[in-house]
Protein chains: 2
Amino acid sequence: MLVNDLIRDLPLDEEATHAHTGAWVASVLRTKIAEGQLRPGTKLSEQALAQALGVSRNTLREAFTVLGNELIITRIPNRGVFVASPGINDVKEIYAVRRMIEPAALHWGPKLNVPALERIIKKARTALASGKIEAMATANQRFHEEVVRASGSAQLQELMTRVLAQMRLVFHAMSDAPDFHSHYVELNASLVDMLRDGEREQAATALRNYLDVAETELLSHLEERMDADGN
Amino acid sequence: MLVNDLIRDLPLDEEATHAHTGAWVASVLRTKIAEGQLRPGTKLSEQALAQALGVSRNTLREAFTVLGNELIITRIPNRGVFVASPGINDVKEIYAVRRMIEPAALHWGPKLNVPALERIIKKARTALASGKIEAMATANQRFHEEVVRASGSAQLQELMTRVLAQMRLVFHAMSDAPDFHSHYVELNASLVDMLRDGEREQAATALRNYLDVAETELLSHLEERMDADGN
DNA sequence: GACGTGAGATTGTTGAACAATCTTGGTTTT
DNA sequence: AAAACCAAGATTGTTCAACAATCTCACGTC
């Protein structure tokens, strides 16, 4: 029918700066938040931000709705929008997601790419050896993204990206945090060893244990910083 | 359904200044699409819809961005927005998600609630027995939502809700479809039997096989309707 | 020191406006 | 007659200005 013809050849563009100004603004804010230039809890004033970015308030609000869906900003009605500052419950939610989809991807994912995982491990190791903990942390993140890519699902991968973005916010909220990433590099490597041997189920359960440990470790640090407000 | 028809059965809602008008508009459209009153491929004209719903174009566009994130509408730049008409690739994506998170929830989910699943099975059986296939289909849907609820993750559950909404669109696009749901009621029941016995891993693999079968069955029906445009 | 209270600021929403792009229907060309 | 062309009209993308509703905060009252 007619409408189907129109939908069929959708270019699916993503760049083309003027395609969607709202999406452009969202991506700008997303990276500013991910890089820590906008700290958790910061208020994002509509008027000021719209002027600073050179867009109208309406367009900025469009960006806010997409960032709100990604849970990296918090909208309080008639109060404004703030960079999300994840708390204990948010961390539990993050790990609830990860404990499901990461082991499932390892165990059942149809697009498991062990060589790609090995490359990432190698990169993380050299970064760690040369003391570049920032590069090592991002390599670590890419490792988990690659794991979920094995699922073969774009929506799951997008969810994982969102969850990892929330994780970065957690770390930005705890600037006094110790190095949480370093000692996971070798754990990731051992997972890859199992996968190389075809022991996918074993790798999945190992990853579940690993995530349990990581969660409790993170939570204990969080709990001693926040006084039981639970959020 | 024409947008003019929307005007007719709307004024039931009072003018209770909705917390977020954009979200309210999104929910109205969401249910109209889920119920099949807005068929896949229908064009949603901004001007007409805004007038029909009694909101401004800007507010309507805010609703469009959230529905676009949920993949139940398709936005084509400078062309307009249409009710999504999922194709073969979309069905593959849907099942890629379900094959990951549903078995994972069954296998590992910390909040597995077997009695709740039993109640839903019972409801589906009575609906099937009395020939109410519509009620049976929604019970079936609730079964899978309850499965994912076992994950204990709000984000995964929301993703599942979105995916099931896309599934409904698939069925709405195939109005000539046979009854896909009926013969899954007993399969769901057998899953619950395994779970009642604590055989969670067995239930997980059974569900994976079940989803494989369902996907190929659906795809074969789709492929004979569409001529390999792949989308 | 606790408690209204009102002015000012901020958000939620609207309507109008304009450029850019698409659609349509008629016109020209082959 | 079929294909290419082209201008008028409609639709989308974006901005601006305005207003109501709500919140913030300093101020005065008890």
Side-chain angles (χ1 to χ4, degrees), chain A residues 1-29 38 41-69 72-84, chain B residues 1-4 6-7 10-11 13-29 38 41-69 72-84:
Chain A
M1 77 182 294
L2 201 116
V3 189
N4 276 337
D5 295 348
L6 300 184
I7 296 177
R8 187 179 308 154
D9 43 19
L10 196 164
L12 189 57
D13 60 342
E14 187 68 42
E15 55 283 351
T17 48
H18 285 297
H20 274 352
T21 311
W24 153 261
V25 172
S27 82
V28 168
L29 292 178
L38 290 170
T42 305
K43 171 161 186 177
L44 303 177
S45 158
E46 292 192 355
Q47 177 127 6
L49 248 190
Q51 198 156 2
L53 295 171
V55 300
S56 74
R57 266 181 68 212
N58 285 347
T59 304
L60 176 60
R61 290 179 120 263
E62 193 172 322
F64 279 165
T65 73
V66 353
L67 295 179
N69 280 359
I72 70 182
I73 66 172
T74 302
R75 289 187 102 158
I76 305 181
N78 293 313
R79 289 274 220 84
V81 317
F82 305 83
V83 179
Chain B
M1 178 186 206
L2 298 178
V3 283
N4 283 334
L6 282 177
I7 309 177
L10 267 178
D13 288 300
E14 75 296 337
E15 287 299 328
T17 321
H18 326 95
H20 288 294
T21 312
W24 173 75
V25 172
S27 83
V28 169
L29 292 178
L38 290 169
T42 305
K43 172 160 185 177
L44 302 177
S45 158
E46 292 192 354
Q47 174 128 4
L49 248 191
Q51 198 157 2
L53 295 170
V55 300
S56 75
R57 266 182 69 212
N58 285 341
T59 305
L60 176 61
R61 289 181 121 263
E62 192 171 324
F64 279 164
T65 72
V66 358
L67 295 179
N69 281 358
I72 69 183
I73 65 173
T74 302
R75 290 187 103 158
I76 306 181
N78 293 312
R79 291 271 213 89
V81 318
F82 305 82
V83 179

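Note: hydrogens, waters and symmetry copies are ignored here, and every other heavy atom, side chains too, is used. Because the structure is predicted, anything quoted here is derived from the model rather than measured.
In this view, R57(A) and E46(A) satisfy the salt bridge (Lys or Arg N to Asp or Glu O under 4.0 Å) rule, not counting sequence neighbours. Scanning for side chain to side chain donor-acceptor pair (under 3.5 Å) contacts around S27(B) gives an empty result, with sequence neighbours left out. With sequence neighbours excluded, no residue forms a side chain to side chain donor-acceptor pair (under 3.5 Å) with T42(A). Residues satisfying the side chain to side chain contact (heavy atoms under 4.5 Å, CB included) criterion with A26(B), sequence neighbours excluded, are R30(B), A63(B), V66(B), L67(B).
When rounded to the nearest whole Å, the span between CH2 of W24(A) and C1' of dG13(D) equals 17 Å. Rounding to whole angstrom units, CD of residue E46(B) and P of dA16(C) are separated by 16 Å. Nucleotide dT11(D) holds its P atom 14 Å from the CG atom of L44(B), rounded to whole Å. In this structure, the CD atom of Q51(B) is 14 Å from the C1' atom of dA16(C), given to the nearest Å. As rounded to whole Å, 6 Å separates atom P of dG12(C) from atom NE2 of H20(B). Atom pair K43(A):NZ and dC23(D):P shows a separation of 12 Å (rounding to whole Å applied). For the pair R75(B) CZ and dT21(C) P, the interatomic distance rounds to 17 Å; values are reported in whole Å.
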Worksheet, complete the sentence: Writing each nucleotide of DNA chain C 5' to 3' as (, ), [, ], | or . by Watson-Crick or G-U pairing under 3.5 Å yields ||||||||||||||||||||||||||||||
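Remark on DNA chain D: of its neighbouring residues Q47(B) and G54(A), the 5'-side contact belongs to Q47(B), judged by nearest-heavy-atom nucleotide.
Put simply, the side chain of L29(B) does not reach to within 4.5 Å of the side chain of I73(B), judged on heavy atoms. Residues L60(B) and L44(B) form no side-chain contact, since every pair of their non-hydrogen atoms from C-beta on lies 4.5 Å or further apart. Put simply, the side chain of T65(A) does not reach to within 4.5 Å of the side chain of N69(A), judged on heavy atoms. In this structure, the side chains of R61(A) and R61(B) stay at 4.5 Å or more apart for every pair of heavy atoms.
Interatomic distance, L53(B) CG to W24(B) CH2, rounded to the nearest 0.5 Å: 6.0 Å.
Here dC22(C) is the nucleotide among dC22(C), dC23(D), dG12(C) with the atom lying nearest to any side-chain atom of N78(B).
Near DNA chain D, meaning a heavy atom under 4.0 Å from it, residues 55-67 of chain A has V55(A), S56(A), R57(A), N58(A), T59(A) in order of number.
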